[in-house]
Amino acid sequence: MNPTEKALWFVESHLPDAVSLDDVAASSGVSRFHVTRAFGAATGRSVIGYMRARRLSEAARKLAGGAPDILQVALDAGYGSHEAFTRAFRDQFGTTPELVHAAGSTHSLDLVEPILMDSSLLTTLEPPRFETSRPFLIAGLGERYSCETSAAIPMLWQRFGPYIGNIPGEIGDVAYGVCVNGDDTGNFDYIAGVEVSDFSDLPKDFYRVRVPAQKYAVFSHREHISTIRRTVNTIWNKWLPGSGHEIADAPDFERYGPEFDPRSGNGGLEIWVPVKG
């Protein structure tokens, strides 16, 4: 099994237990950061968010089935108080445990079912080349995303497009999609940007990223941009676990050369994954 399949098995088999991200990572045989990225690439969800949603979905089923004690359902779902459970339940489903209990039904709820991994998502991957990047500066528009909201990234590129070619200190004709500041819950900053000579005179709302000298595994994605998730999924869940390489604490990024056509999404791109030297 790949890291995401191991994580899914562990989460589902320990659903009532108070397991942590460290526990999930250990069961997957990779680091916290690796399992977070691999899980997000494969499922579109964060590990923590998936565990929470699954526990609350099972709790909703118990409530609708007539569980006599709402507090006990809350405790079984890993919540220490009725208030904390109600707050999480409302955030997840837009209603309260009491109303679901009274209705005796989950028909109006968007329950999260167990994810069954589809290995057909994995594609044949070209072997990467290895490069040590020089230090360089990236500037552009950025947003904070989660695994669940990352589908909105193309809109960020649409906003950034008119700036290209008109940015003070802009270098070359290559664009970059840079991921930084990832956390355990699957949130990360994504910057659509270009290389610049320095950070002076930039628009005030621009993000600024310093990419250090770093060893990278560089993968070619030659298909349409819409299928990039399959390639990323394969890198994190198939290539990296079997490669003998460990992920490094550095930005990872997509590199869009002049051959890439942003209007059609064709032309290919490169995915740069930082690895320890």
Side-chain angles (χ1 to χ4, degrees), residues 1 3-118 143-153 179 181-190 236:
M1 292 193 293
T4 296
E5 290 171 328
K6 291 177 181 177
L8 284 168
W9 181 88
F10 185 82
V11 169
E12 291 298 332
S13 61
H14 294 79
L15 206 57
D17 304 332
V19 299
S20 67
L21 186 60
D22 283 328
D23 297 325
V24 178
S27 75
S28 301
V30 295
S31 69
R32 292 158 57 104
F33 179 76
H34 186 157
V35 77
T36 299
R37 289 299 302 273
F39 197 92
T43 69
R45 290 180 174 272
S46 68
V47 181
I48 300 300
Y50 177 73
M51 285 196 295
R52 182 189 307 115
R54 286 288 298 121
R55 286 172 177 162
L56 289 169
S57 294
E58 294 307 313
R61 285 194 170 93
K62 290 181 182 178
L63 293 170
D69 187 350
I70 294 179
L71 178 58
Q72 188 57 53
V73 173
L75 295 173
D76 290 344
Y79 293 89
S81 69
H82 189 290
E83 291 75 18
F85 177 61
T86 298
R87 186 164 53 250
F89 197 93
R90 185 186 291 112
D91 289 344
Q92 183 70 33
F93 299 119
T95 188
T96 65
E98 288 77 12
L99 288 174
V100 173
H101 188 256
S105 170
T106 62
H107 290 324
S108 64
L109 305 184
D110 186 14
L111 299 180
V112 174
E113 304 294 348
I115 293 175
L116 300 177
M117 284 294 295
D118 182 355
E143 296 283 352
R144 188 78 171 162
Y145 294 97
S146 66
C147 296
E148 292 80 7
T149 64
S150 61
I153 287 176
C179 293
N181 302 325
D183 64 23
D184 290 345
T185 57
N187 301 307
F188 59 95
D189 291 332
Y190 182 93
W236 287 90

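In what follows, every heavy atom counts, from backbone to side chain, and hydrogens, waters and symmetry copies are set aside.
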Note to self: Would you call the rings of Phe39 and Tyr50 parallel, tilted or perpendicular, taking 30° and 60° as the class edges?
What the structure shows: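 Rings of Phe39 and Tyr50: tilted, 30 to 60°.
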
What heavy-atom pair brings [X] and [Y] nearest, and what distance separates the two atoms?
X	Y	value
Ala7	Val35	CB-CG2, 4.1 Å
Ala64	Ser105	CB-N, 3.6 Å
Ala60	Phe93	CB-CE1, 4.2 Å
Cys147	Phe188	N-CE2, 4.5 Å

Within the 4.5 Å heavy-atom criterion, are [X] and [Y] side-chain neighbours or not?
X	Y	result
Val19	Val11	no
Thr4	Trp236	no
Phe89	Val100	yes

Under a 3.5 Å distance rule, please check whether [X] uses its side chain to pair with a backbone N or O of [Y] as donor and acceptor.
X	Y	answer
Thr96	Leu99	yes
Glu143	Ile153	no
His101	Pro97	no
Ser28	Lys6	no
Arg55	Asp76	no

Item checked: Ion pair check, Glu58 and Lys62, cut-off under 4.0 Å ->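 Between Lys62 and Glu58 there is no salt bridge, as every charged N stays at least 4.0 Å from the carboxylate O atoms.
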
Notebook entry, point to check: Do NZ/NE/NH1/NH2 and the carboxylate oxygens of Arg90 and Glu98 come within less than 4.0 Å?
Noted result: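 No salt bridge links Arg90 with Glu98.
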
Margin query: Testing Asn181, Asp183, Thr149 one by one against Arg144 for a side-chain hydrogen bond (donor to acceptor under 3.5 Å, both in side chains), which residue passes?
Written below: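 Going through the options one by one, the only one that passes is Asp183.
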
Measure the spacing between [atom1] of [X] and [atom2] of [Y] and express it to the nearest 0.5 Å.
X	Y	atom1	atom2	answer
Arg54	Glu12	CZ	CD	4.0 Å
Ser57	Glu113	OG	CD	7.0 Å
Leu75	His82	CG	NE2	10.5 Å

Item checked: Asp110 atom CG: more than 12 heavy-atom contacts under 6.0 Å ->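 No, the 6.0 Å shell around CG holds no more than 12 heavy atoms from other groups.
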
Notebook entry, point to check: Which pairs count as salt bridge (Lys or Arg N to Asp or Glu O under 4.0 Å) when at least one residue sits in residues 36-47, sequence neighbours excluded?
Noted result: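 For residues 36-47: Arg37-Asp252.
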
Next item on the list: Show your working on side-chain hydrogen bond (donor to acceptor under 3.5 Å, both in side chains) between Asn187 and Thr185 and close with a plain yes or no.
Entry: CA-CA 6 Å; Asn187 301 307; Thr185 57; 2.8 Å; yes

